[in-house]
Structure formats: C-alpha cells, structure tokens
> 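Submitted below is the structure of interest, expressed as structure tokens.
As the structure lists them, so they are numbered: ligands from 1, and atoms in each ligand from 1. Fair warning: this is a prediction, and the values are worked out from it, not measured in the lab.
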Amino acid sequence: MAKVLCVLYDDPVHGYPTSYARNDIPSITRYEDGQTAPTPKAIDFTPGHLLGSVTGELGLRKFLEGLGHTFIVTSDKDGTNSVFERELPDADIVISQPFWPAYLTAERFAKAKKLKLALTAGIGSDHVDLESAIKHGVTVAEVTGSNSISVAEHAVMMILALVRNYLPAHEWVKKGGWNIADCVERSYDLEGMHVGTVAAGRIGLAVLRRLKPFQTHLHYFQRHRLPESVEKELNLTFHSNVEEMAEVCDIITISAPLHPGTQNMFNESLLAKMKRGAYIVDTARAEICSRDGIVHALESGQLAGYAGDVWFPQPAPKDHPWRTMPYQGMTPHMSGTSLSAQVRYASGTREILECWFERRPIREGYVIVDGGKLAGTGAKAYTV
Ligand code: NDP
C-alpha cells in the first residue's frame with residue numbers, strides 16, 4: 001500500500017467555509033484547445049467547495065483510504081522539522097501545488113528513497129527539481145489545462161487594473177474621498193495599445209484571444225511559431241526574440257514556464273530596453289523577472305506598473321519588496337486556484353492517481369518526466 005503525502009495551503013483564517021457565495025459553478029467539459037477536462041471514474045467532493053486547502057484535501061481521502069493507502073495532508077512544508085520533511089523519507093507519492101509549493105529539491109529527493117510519483121495539483125512543476133526526478137527515476141505529472149483560463153482571466157484583469165489605475169481609485173472610495181484627479185493622473189485606455197505575450201501556449205494564447213476585442217495590437221514571442229491561421233485570426237505580430245518585442249510593446253504579459261531558458265529573462269538590461277511607462281503582468285513564475293530590477297524600474301518610472309500573482313519564495317516573506325513597491329497590483333498566488341479551477345485540478349489529480357494505481361498510462365499531456373527523461377508536455381515546454 002502506498003503512502004501519499006499531500007501539501008496544501010492553509011484553510012481561511014476564519015475557518016473552513018460552511019457556506020459559499022454561489023450555489024453552483026458552470027461545468028466545463030472541454031478546453032479551448034479541444035482537450036477534454038479530467039475524466040476520473042468518480043469524485044467524492046461537491047464542485048464549488050474549497051478543495052485546495054488542508055481541510056478540502058482535494059476530495060481524495062475517501063478514495064485513497066478506500067484503497068487502503070495512507071493519506072497525509074499538511075501545510076507545514078518548509079524546514080527540516082516540517083511535517084513534509086519528516087514524512088518524506090517513506091512517501092511513495094507526493095502531491096503538491098504551485099500556490100503553496102513544497103519545494104522538492106535535490107536534497108529532498110536524496111532523502112525520499114521510496115518516492116515514485118511527484119504530482120502537481122495544478123500546472124507548473126518547476127518547484128520540483130526535474131533533473132533530480134530524472135536521476136531518481138521519479139515520474140512527474142501535472143494537470144495540464146486545468147486552470148489555464150483561470151490564469152488568463154486574472155492576467156486580463158491585472159492588465160486592465162494597472163492601465164486604468166483601478167486599485168488606487170478604489171482606495172480613494174474606501175478612504176471616503178472623491179478625488180477624480182488623483183484617480184486619473186495615471187489612468188489610460190487599453191484601446192490602441194501594443195500588448196505582447198512571452199509564450200503563446202494555453203494561457204498566453206487565451207490572454208491574446210481575450211484581449212482582441214479591446215482593439216489592441218497583439219504580439220507574441222516564443223520558440224515555435226503558431227499556425228498561420230491563428231496569427232491571421234488574431235492579427236498577431238511574431239517576434240523571434242524577446243528584446244525586439246519588449247522594445248515595441250506598451251504591455252508585456254508573461255505566460256512561459258520557468259526553466260533555464262526563461263529564468264531572469266526580464267533582467268535590468270531587458271527592462272531598460274522597454275518603452276518608458278510600459279507595464280508588465282507576470283502570472284507565470286516570479287523568477288522570470290529580476291526581483292530588484294522590477295522594483296528599480298517602478299521607482300525610476302521606466303515601468304508604469306507591475307502586477308502578477310507569482311513570487312519567490314512562496315509564501316513571500318513579510319518584507320518582500322514587491323509587497324511595498326509603488327504602482328503594483330500584486331496578489332498572492334491565487335489565479336489558478338479559483339473554486340472553479342479547483343474542481344478541474346482535483347478531478348485531474350484523481351484521474352492521474354486512478355491511472356497510477358491501476359497501472360494504466362497517464363494522459364501524455366499530463367506527463368512532465370517519465371522513464372528517466374522529460375516526456376509528454378514536459379518534453380515540449382521544459383528544458384533541464
Ligand atoms: P503551455 O505548456 O500550454 O505553454 C507554454 C508555452 O511556453 C509554450 O507555448 C512554449 O512555446 C513557451 N515557452 C517555453 N519556453 C519558452 C521560452 N524560453 N521563451 C518563450 N516561450 C517559451 O503552458 P501553460 O500556458 O498552461 O502554462 C504556462 C505557465 O504558466 C506554467 O508553466 C506555469 O508556470 C504558469 N502557470 C501559472 C499559474 C498560476 O496560478 N499563476 C497556473 C498555471 C500555470 P515554445 O516551446 O514555442 O517556446
């Protein structure tokens with residue numbers, strides 16, 4: 001029987017919810033790229049309930065314990081005395097989430113002698129040291145597609161919030177003010193602006209599709225070109241290098257996986273090449289941008305705004321400079337874990353576990369590392 005170790009974020013500070021703002025959520029069975037949403041044999045949770053926190057347990061306890069497995073769920077993930085580190089040495093399966101990442105480092109892989117499957121309940125497995133997974137023969141899988149639209153919607157919201165100066169204007173309302181001039185001295189229209197995405201995969205392309213009706217000029221940069229039909233549909237300008245795109249865009253949105261090819265891409269030198277007063281929205285991974293470079297660019301006016309929901313490390317320490325830098329609209333890492341998204345990634349996690357225990361192949365699109373090498377989606381999106 002397997003020991004399944006699962007790391008999830010804490011329950012709300014006021015306790016696990018007993019009621020919800022809405023009675024139901026739309027049922028999504030197919031994604032924009034045609035892929036079917038997860039198809040587990042059964043689920044043991046109510047769609048729309050909080051599944052991603054410790055008490056929610058991704059709705060997996062009945063299923064796992066019914067099969068005789070041991071299921072440990074904790075939010076205590078950092079440091080050698082954490083529950084995660086103490087339970088890791090004899091865990092067969094680790095389930096973790098990018099929002100509250102249980103970093104599976106090379107040192108932790110060395111301790112996890114029984115580990116066979118590292119499963120990300122969400123998208124983005126960069127918190128797992130993929131080189132070590134390859135070395136130790138551990139399979140890495142994630143629930144591809146499960147929260148792509150959730151993140152795309154968040155990115156569009158953040159673009160609008162920055163450009164229109166929404167958050168500072170809202171603060172004036174709460175302070176009892178009616179300070180129109182203060183609200184609009186940094187407020188613009190998105191219409192007519194040039195918006196570029198770093199990566200036009202599931203999330204990046206969905207952001208482009210949602211921005212088209214705003215009458216923007218759309219650009220993208222990634223290693224492979226999109227089909228001509230998509231470029232035509234969205235009237236896209238392709239750039240073969242990021243510098244060329246950064247120089248002409250008013251807004252850059254980042255939707256690329258974190259790997260050696262994207263780490264620190266938006267460093268001081270690239271930030272200096274951008275148009276003065278440009279905006280960046282990063283909902284992919286924080287380490288794609290230079291932490292201090294972003295702060296300096298906002299303080300100097302080189303950037304007019306920065307928003308995103310990804311930080312390093314996570315949770316971000318109280319004194320992380322992105323909490324207090326000017327002209328920002330940061331949120332904690334929440335875009336991909338709306339209640340709507342949780343149904344899909346909890347179902348996908350269950351689907352992967354069913355496949356694993358029944359020795360059936362995991363969907364190729366969910367696989368990142370298998371058989372000692374990058375495989376499936378991992379072979380397309382990552383490098384080690
Ligand atoms: P996809 O696999 O669908 O797309 C990834 C894209 O990245 C591909 O189109 C790929 O194109 C491109 N890419 C890879 N390397 C580079 C590079 N060096 N330069 C430019 N483009 C590159 O992934 P998703 O769109 O589903 O997700 C993207 C990332 O978003 C995830 O890896 C994750 O880190 C993050 N994410 C964040 C969430 C959140 O809650 N904030 C939730 C979900 C995901 P090509 O190979 O042609 O370069």
> I'd like to check which ligand 1 atoms, numbered from 1 as shown, lie under 4.0 Å from a non-hydrogen atom of Gly261.
18 (N)
> For atom 43 (C) of ligand 1, which protein heavy atom lies nearest, and how many Å away is it?
Asn147 OD1, 3.3 Å
> Between Thr262 and ligand 1, does any nitrogen or oxygen pair lie at a separation below 3.5 Å?
no
> Closer than 4.0 Å to some heavy atom of Phe99 - which atoms of ligand 1 meet that?
40 (O)
> Report the part of Asp309 (side chain from C-beta onward, or backbone N, CA, C, O) that has a heavy atom under 4.0 Å from ligand 1; answer both or neither where that applies.
side chain
> For atom 4 (O) of ligand 1, what's the nearest protein heavy-atom neighbour? Residue, atom name and distance, please.
Gly201 CA, 3.4 Å
> Suppose I only count heavy atoms of Ser335 and a 4.0 Å limit; which atoms of ligand 1 are within that range?
39 (C), 40 (O), 41 (N)
> Counting only heavy atoms closer than 4.0 Å, does ligand 1 sit against the backbone of His333, its side chain, both, or neither?
side chain
> If I take atom OG1 from residue Thr262 and atom CD1 from residue Ile288, how far apart are they, to the nearest 0.5 angstrom?
4.0 Å
> Considering non-hydrogen atoms of the protein only, which is the closest contact for atom 2 (O) of ligand 1, and what is the distance?
Arg202 NH1, 3.7 Å
> Please identify which atoms of ligand 1 are closer than 4.0 Å to at least one heavy atom of Ala199.
6 (C), 7 (O), 12 (C), 21 (N)
> Would you mind running through ligand 1 and noting each atom that sits below 4.0 Å from a heavy atom of His224?
45 (P), 46 (O), 47 (O)
> Measure centre to centre between the rings of Tyr220 and Phe238, then say whether the value is under 6.0 Å.
yes
> So which heavy atom in the protein is nearest atom 5 (C) of ligand 1, and how far is it from that ligand atom?
Pro257 CD, 3.7 Å
> Could you tell me whether Glu358 and Lys41 have a side-chain N and a carboxylate O separated by less than 4.0 Å?
yes
> Do the charged groups of Asp90 and Lys3 touch, with an N to O distance under 4.0 Å?
yes
> Can you name the atoms of ligand 1, numbered from 1 with element, that are less than 4.0 Å from a heavy atom of Gly336?
40 (O)
> Can Glu228 and Lys232 be counted as an ion pair, charged N to O under 4.0 angstrom?
yes
> Quick one: does NZ or CZ of Arg285 land under 6.0 Å from the six-membered ring centre of Trp311, within 45 degrees of the ring axis?
no
> Please confirm whether the ring centroid of His239 lies under 6.0 Å from the ring centroid of Phe221.
no
> Test of understanding: given a 4.0 Å heavy-atom threshold, classify the contact between Ser255 and ligand 1 as side chain, backbone, both, or neither.
backbone
> Find the distance between OG1 (Thr139) and CG (Asp370) and round it off to the nearest 0.5 Å.
4.0 Å
> Nearest protein heavy atom to atom 19 (N) of ligand 1, by residue and atom, and its distance?
Phe221 CE2, 3.5 Å
> Any N or O on Thr377 sitting closer than 3.5 Å to an N or O of ligand 1?
no
> Mind checking whether His127 and Tyr103 have parallel, tilted or perpendicular rings, split at 30° and 60°?
perpendicular
> Determine whether the side chain, the backbone, both or neither of Ile123 has a heavy atom under 4.0 Å from any heavy atom of ligand 1.
both
> Counting distance only, does the side-chain N/O of Gln97 pair as donor-acceptor with the main-chain N or O of Val7 below 3.5 Å?
no
> Whether the Ser53 and Asp11 side chains hold a donor-acceptor pair (N or O, under 3.5 Å, no angle test) is what I'd like checked.
yes
> Does His259 have a heavy atom less than 4.0 Å from any atom of ligand 1?
yes
> For atom 41 (N) of ligand 1, what's the nearest protein heavy atom and its distance?
Thr283 O, 2.9 Å
> Taking the basic N atoms (NZ, or NE/NH1/NH2) and the acidic carboxylate oxygens, is any pair closer than 4.0 Å for Arg209 and Glu233?
yes
> Using heavy atoms and a 4.0 Å limit, tell me yes or no: is Gly122 in contact with ligand 1?
no
> So, for atom 23 (O) of ligand 1, does the protein have a heavy atom nearer than 4.0 Å?
no
> Looking at Glu231 and Arg225, is any side-chain nitrogen of the basic one under 4.0 Å from a carboxylate oxygen of the acidic one?
yes
> Measure Ile203 to ligand 1 on non-hydrogen atoms and call it side chain, backbone, both or neither using the 4.0 Å cut-off.
both
> Quick one: does ligand 1 sit under 4.0 Å from the side chain of Arg285, the backbone, both or neither, non-hydrogen atoms only?
side chain
> Answer yes or no: does an N/O atom from Arg223 fall short of 3.5 Å to an N/O atom of ligand 1?
yes
> Parallel, tilted or perpendicular, judged at 30° and 60°: which one describes the rings of His69 and Phe357?
parallel
> Are Asp189 and Arg164 close enough for a salt bridge, meaning some N to O gap below 4.0 Å?
yes
> If you count the atoms of ligand 1 from 1 in the order shown, which ones are under 4.0 Å from a heavy atom of Val151?
38 (C), 39 (C), 40 (O), 42 (C), 43 (C)
> At what distance is the nearest protein heavy atom to atom 9 (O) of ligand 1, and which residue and atom is it?
Gln222 OE1, 2.6 Å
